[in-house]
Asks: 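Starting off with a structure, shown below.
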Amino acid sequence: MSDAAEQTTPYEMIGGAEGVRRLADAFYDAMERNPAYAALREMHEPDLDPMRDSLAGFFSVWLGGPRDWLEKRGGFCIMSRHAKMNMTQRTAAQWMEAIREAMRDINMPAELAEKMDDALSQMARAMAAGRPAA
Ligand code: HEM
């Protein structure tokens, strides 16, 4: 390994534990604040605090950081977790818009934001495949 940049994980690029927490908080803040995401907000419980913790834990694992969140749960499949939700193309699109807003709000490095946008878009598309439009 000669290039130190190659060894930098996305988790480090986002700012470690504090960075994933900021992203999760910015995501749910956007969902609570922006009426454009009302249908997505309605799918969630009134108290978003457990989801804030959980999304931060997910991002930690997904971006190559500590895996405690996953280990505590004894594993987790993001697709199965969402499979039984009443998702529509519209709410899936709202999820993507809200995460984009969150990435802008925390001034995520552009290169990382672009990569995450691509990967999350694929996931959201797969989750919403075959669901009704609205
Ligand atoms: C595309 C990437 C996505 C990621 C990475 C993601 C991630 C997560 C995570 C980590 C949780 C917490 C799960 C738990 O603690 O058990 C969660 C919950 C949730 N997600 Fe997603 N999600 C995604 C897409 C979506 C989409 C497209 C929707 C809806 C259209 C959605 C709706 C929800 C809802 C409603 C919950 C809360 C479930 C509950 O209250 O029990 N998610 N998501």
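As the structure lists them, so they are numbered: ligands from 1, and atoms in each ligand from 1. Predicted model, so just to flag it, every value in this text is computed and none were measured. Counting begins at 1 with the first residue of the sequence.
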Asks: Going by the atom numbers of ligand 1, which of them fall below 4.0 Å from some non-hydrogen atom of T91?
Replies: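 The atoms of ligand 1 under 4.0 Å from a heavy atom of T91 are 30 (C).
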Asks: Looking at every non-hydrogen atom in both residues, tell me the closest pair between A98 and A30 and how far apart they are.
Replies: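 Where A98 meets A30 most closely, the heavy atoms are O-CB, 4.3 Å.
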Asks: For ligand 1, note which part of I99 has a heavy atom under 4.0 Å away: side chain, backbone, both or neither.
Replies: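 Contact part for I99 vs ligand 1: neither.
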Asks: Starting from atom 7 (C) of ligand 1, find the nearest protein heavy-atom neighbour and note its residue, name and distance.
Replies: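 Looking only at protein heavy atoms, the one closest to atom 7 (C) of ligand 1 is I78 CD1, 3.4 Å.
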Asks: Mind telling me whether W69 and F58 have parallel, tilted or perpendicular rings, with 30° and 60° as the class edges?
Replies: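 Perpendicular, since the angle between the ring planes exceeds 60°.
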Asks: Note the single closest protein heavy atom to atom 3 (C) of ligand 1, along with its residue, its atom name and the distance in Å.
Replies: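 Heavy-atom neighbour on the protein nearest atom 3 (C) of ligand 1: W95 CZ2, 3.3 Å.
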Asks: As a check for students: among M31, R90, H44, identify the option with a heavy atom nearest to atom 35 (C) of ligand 1.
Replies: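 Checking each option, the heavy atom nearest atom 35 (C) of ligand 1 is found in H44.
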Asks: Could you tell me whether the side chain of Y28 and the main chain of L55 form a donor-acceptor pair under 3.5 Å?
Replies: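 Looks like no, no N/O pair under 3.5 Å.
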Asks: Tell me which protein heavy atom sits closest to atom 5 (C) of ligand 1, plus the residue, atom name and distance to 0.1 Å.
Replies: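 For atom 5 (C) of ligand 1, the nearest protein heavy atom comes out as F58 CE2, 3.4 Å.
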Asks: Is there a donor-acceptor contact under 3.5 Å linking the side chains of R81 and S54?
Replies: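 Their side chains do not contain a donor-acceptor pair, so the 3.5 Å distance test is not met.
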Asks: Using a 4.0 Å cutoff against the non-hydrogen atoms of S54, which atoms of ligand 1 qualify?
Replies: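 Counting from 1, the qualifying ligand atoms are 12 (C), 13 (C), 14 (C), 15 (O).
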Asks: Under the criterion side chain to side chain contact (heavy atoms under 4.5 Å, CB included), which of R33, M31, Q94 is the partner of R41?
Replies: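 Going through the options one by one, the only one that passes is M31.
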Asks: Heavy atoms only: give me the nearest A133-T88 pair and the separation to one decimal.
Replies: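 Reported closest heavy-atom pair: O-CB, 3.8 Å.
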Asks: So which of M43, R81, H82 gets nearest to atom 39 (C) of ligand 1, if we judge by its closest heavy atom?
Replies: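 Looking at heavy atoms only, R81 sits closest to atom 39 (C) of ligand 1.
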Asks: Under 4.0 Å from any heavy atom of M85, which atoms of ligand 1 are there?
Replies: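 It comes down to these atoms of ligand 1: 19 (C), 20 (N), 32 (C), 33 (C), 34 (C), 35 (C), 36 (C), 38 (C).
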Asks: Just which atoms of ligand 1 are under 4.0 Å from any heavy atom in M51?
Replies: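 Contacts of ligand 1 toward M51, numbered from 1: 12 (C), 15 (O), 18 (C), 37 (C).
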Asks: Looking only at heavy atoms, is any part of M116 under 4.0 Å from ligand 1, and if so is it the side chain, the backbone, or both, or is it neither?
Replies: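 It is neither part, as no heavy atom is under 4.0 Å.
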Asks: Please determine if E45 has a nitrogen or oxygen closer than 3.5 Å to a nitrogen or oxygen of ligand 1.
Replies: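 Looking only at distances, the answer is no, because the N/O contact criterion of under 3.5 Å is not met.
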Asks: How far apart are the closest heavy atoms of A92 and A124, and which atoms are they?
Replies: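 For A92 versus A124, the nearest heavy atoms are CB-O, 4.4 Å.
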Asks: Could you pull out the closest heavy-atom pair between G130 and Q89, with the gap in Å?
Replies: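 That would be N-NE2, 4.4 Å.
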Asks: Below 4.0 angstrom from a heavy atom of A124, which ligand 1 atoms are there? Numbered from 1 as shown, please.
Replies: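 So the answer, numbered in order with elements, is 1 (C).
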Asks: Let me see the working for E18 and R21 under salt bridge (charged side-chain N to carboxylate O under 4.0 Å, His left out), right down to the final yes or no.
Replies: CA-CA 5 Å; E18 200 184 307; R21 182 75 220 188; over 6 Å; no
Asks: Under 4.0 Å from any heavy atom of M127, which atoms of ligand 1 are there?
Replies: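 Answer for ligand 1: 2 (C), 3 (C), 23 (C), 24 (C), 25 (C).
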Asks: Of all the heavy atoms in Q94, does at least one lie under 4.0 Å from an atom in ligand 1?
Replies: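 Per 4.0 Å heavy-atom rule, Q94 does not contact ligand 1.
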Asks: Which part of L40 is near ligand 1, with near meaning a heavy atom under 4.0 Å away: side chain, backbone, both or neither?
Replies: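 It is the side chain that gets close, since no backbone atom is under 4.0 Å.
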Asks: Hey, are Y37 and E32 close enough side-chain-wise for a donor-acceptor pair under 3.5 Å?
Replies: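 The criterion, which ignores hydrogens and geometry beyond distance, is not satisfied for Y37 and E32.
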